[in-house]
Amino acid sequence: MLHQLIYRSRAAAALLAHGLERLAAEAGRRNRALGISGLLVCDGDYFLQVLEGPRSAVLTLYDAIVADPRHSAVVLIRSEPVARRQFQGWRFLVAPPQSQGRRWPPRLSRSGSLVDEGEDRVAAIIDSFLCGDWRDPAGAPSAGPPPGPARARGPAQLGLPHGLHGLPALPEAPPVRFAMQPIVEPHLGRISSVELLLRGPDGEAPAALLRRLSRAERYTQDLAWKELAFAQIARTAFTGKVAINLLPGALMRDPLAAERLARMARSHGIEPQRVIVEITEEEAISQPERFYRNVAELKAAGFLTAIDDFGAGHAGLSLLTNFQPDKVKIDRQLVHDIQRSGVRQAIVRAVLDCCRRLGITVVAEGIEQHEEYAWLFAAGVRRFQGFYFARPALEAVPEIRWPAALEEAVEARVA
Ligand code: C2E
Ligand code: MN
Ligand code: MN
């Protein structure tokens, strides 16, 4: 199995005296021989290294690095299975002194896989490292405020509603449909992904629909219904990322579930890399061991993962100890009236800080008011979902309401 590991370390004086170039050349030779690709970034003091390759080779090398007295303060940032390599060979980069900032290096990958920084945890972790987030002790200055939001733009006309006529019916279950709700980046005037929300034949909500089934049926159907979700996406003109919800039980019962899901998606021309699988915080904590294994299988199959309703359950940030998703979706209970609640503000700021360092993209869900959006934007959130922007639409990507004059709102309401 292909594995990726990211760590940070501090270069001991002996290591630096050896010469960075020589050091990098040696590391490159060693890694090539082990079938390991990746990247070494040095800011003159700290190193960040990405290692990817056969699991045993990567883990053995990491153990050796930890034991090597020339590396001090080794901190493991990420270690998990991946579907494919992000680096073709071995790269070495020295960050220009005094220029640690968001714009360097602008492009890291030949394959282009690191270009969409918002979706790519590796690029985001490197970015965070270059901003000084991973220096000791904590409290390094962060980059200045991001550029102001773009002016409102016209809505993106995307989906075309179609009926489900002609689709093969699923055995012994009513045909279901999916409502679509976009996750937007308002400062770019763009849709970052579309979430598919289960609906019964009469428009029933997901809970009501799932309740009608026995436990076992619920899991098999939840997985099988995703075929309809992919088919529906394939019928629209939408080519961006797609988020689906899945009960972890659907994965746990079937050891081939992740593979099956990947095959389903591909049969509709959708690569797993385009699909974000959302699992709620509540469900993630009831059977942790099996859950982590299933998530690893999803990642190995190439899917992106998200923790849904973050902050609504009982695990909170400790959930990230054993599993780091690509995305965290902040629950709407935390979002509601955030401009008026110091407690919710404190919690959300902690989540944002943690996720930035780990390269996890944050989405705020359930935005209903402009004030909620304005506060969250000022705090650093860039992805939003909620009735304020668009209500879910049955079998279509709805039109989006792009907020205008955000800057004034931010200035007026958030000091
Ligand atoms: P979720 O994944 O957190 O999806 C967002 C839910 O919040 C949706 O409810 C959506 O309609 C609602 N929502 C979005 N924006 C706002 C807002 O601004 N204010 C308020 N009050 N609500 C908003 P929905 O469609 O009823 O779905 C409920 C839950 O059912 C979903 O929550 C998800 O956990 C689950 N679900 C949806 N589709 C599936 C599925 O295919 N399989 C499984 N297992 N669960 C699903
Ligand atoms: Mn969801
Ligand atoms: Mn949610």
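The first residue of the sequence shown is numbered 1, and numbering continues consecutively from there. Small disclaimer: the values here were computed from a predicted structure and weren't measured. Numbering of ligands and ligand atoms starts at 1, following listing order. Keep in mind that the numbers below use all heavy atoms, side chains included, and drop hydrogens, waters and symmetry copies.
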* May I ask whether Glu195 places a heavy atom under 4.0 Å from ligand 1? =>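 Under 4.0 Å: yes for Glu195.
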* Asked: Is there a heavy atom in Tyr388 that sits closer than 4.0 Å to ligand 1?
  ->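 Contact check Tyr388 vs ligand 1: negative.
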Contact check: [X] vs ligand 1, nitrogen or oxygen atoms, below 3.5 angstrom:
| X | answer |
| --- | --- |
| Gln385 | no |
| Phe387 | yes |
| Glu368 | yes |
| Leu198 | yes |

* **Contact check, side chains of Tyr46 and Arg135, non-hydrogen atoms, under 4.5 Å** =>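 With C-beta onward as the side chain, the pair touches.
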* Minimum side-chain heavy-atom gap Phe310-Val362 below 4.5 Å ->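 When only atoms from C-beta onward are counted, Val362 and Phe310 do not touch, as no gap falls below 4.5 Å.
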Quick one: nearest non-hydrogen protein atom to [atom], plus distance?
| atom | value |
| --- | --- |
| atom 7 (O) of ligand 1 | Arg332 NH1, 3.0 Å |
| atom 14 (C) of ligand 1 | Gln181 OE1, 3.0 Å |
| atom 2 (O) of ligand 1 | Asp308 OD2, 2.7 Å |
| atom 46 (C) of ligand 1 | Asn245 CB, 3.5 Å |
| atom 37 (C) of ligand 1 | Pro206 CG, 3.4 Å |

If you measure from [atom1] on [X] to [atom2] on [Y], what distance do you get to the nearest 0.5 Å?
| X | Y | atom1 | atom2 | value |
| --- | --- | --- | --- | --- |
| Asn245 | Leu197 | CG | CG | 6.0 Å |
| Asp308 | Leu246 | CG | CG | 11.5 Å |
| His268 | Leu228 | NE2 | CG | 8.0 Å |

Closest heavy-atom contact between [X] and [Y]?
| X | Y | result |
| --- | --- | --- |
| Pro325 | Leu320 | CD-CD2, 3.7 Å |
| Gln385 | Gln181 | NE2-OE1, 3.1 Å |
| Gln273 | Leu304 | O-CD1, 3.6 Å |

* Side chain, backbone, both or neither: the part of Lys226 lying under 4.0 Å from ligand 1 by heavy atom ->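 It is the side chain that gets close, since no backbone atom is under 4.0 Å.
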* To do: Examine the proximity of ligand 1 to Asp309 and report which part, side chain or backbone, both or neither, has a heavy atom under 4.0 Å away.
  =>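 The side chain, only.
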* To do: Evaluate the ring planes of Phe389 and Phe384, with Trp represented by its six-membered ring, and classify them as parallel (under 30°), tilted (30 to 60°) or perpendicular (over 60°).
  =>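 Judged by the thresholds at 30° and 60°, the geometry between Phe389 and Phe384 is tilted.
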* Would you please classify the geometry between the Tyr7 ring and the Tyr62 ring as parallel, tilted or perpendicular, with 30° and 60° separating the classes? =>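 Tyr62 and Tyr7: tilted rings.
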* Shortest-distance N/O/S atom, Glu195 versus the Mn ion (ligand 2) ->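 Looking only at N, O and S atoms of Glu195, the one nearest the Mn ion (ligand 2) is named OE2.
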With a 4.0 Å cut-off, would you call [X] and [Y] a salt bridge?
| X | Y | result |
| --- | --- | --- |
| Asp133 | Arg356 | yes |
| Glu80 | Arg121 | yes |
| Asp136 | Arg10 | no |
| Arg357 | Asp353 | yes |
| Lys329 | Glu195 | yes |
| Glu365 | Arg332 | no |

Should you measure from each heavy atom of [X], which atoms of ligand 1 turn up under 4.0 Å away?
| X | value |
| --- | --- |
| Leu197 | 4 (O), 8 (C), 10 (C), 11 (O), 25 (O), 37 (C), 38 (N) |
| Arg199 | 11 (O), 24 (P), 25 (O) |
| Gly386 | 15 (N), 18 (O) |
| Asp222 | 40 (C), 41 (O), 42 (N), 43 (C), 44 (N) |
| Phe178 | 41 (O) |
| Pro392 | 11 (O) |
| Leu247 | 44 (N) |
| Ile367 | 18 (O) |

* Asked: Do any protein N, O or S atoms sit under 2.8 Å from the Mn ion (ligand 3), and which ones are they?
  ->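 Those protein N, O or S atoms (cut-off: under 2.8 Å from the Mn ion (ligand 3)) are Asp308 OD1, Asp309 OD1, Glu365 OE1, Glu365 OE2.
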* Could Arg391 and Phe387 be counted as a cation-pi pair, given that NZ or CZ must be under 6.0 Å from the ring centre and within 45° of the axis? ->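 Relative to the ring axis of Phe387, which defines the angle, Arg391 lies inside both limits.
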* Asked: Any non-hydrogen protein atom below 4.0 Å of atom 27 (O) of ligand 1?
  ->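 Yes.
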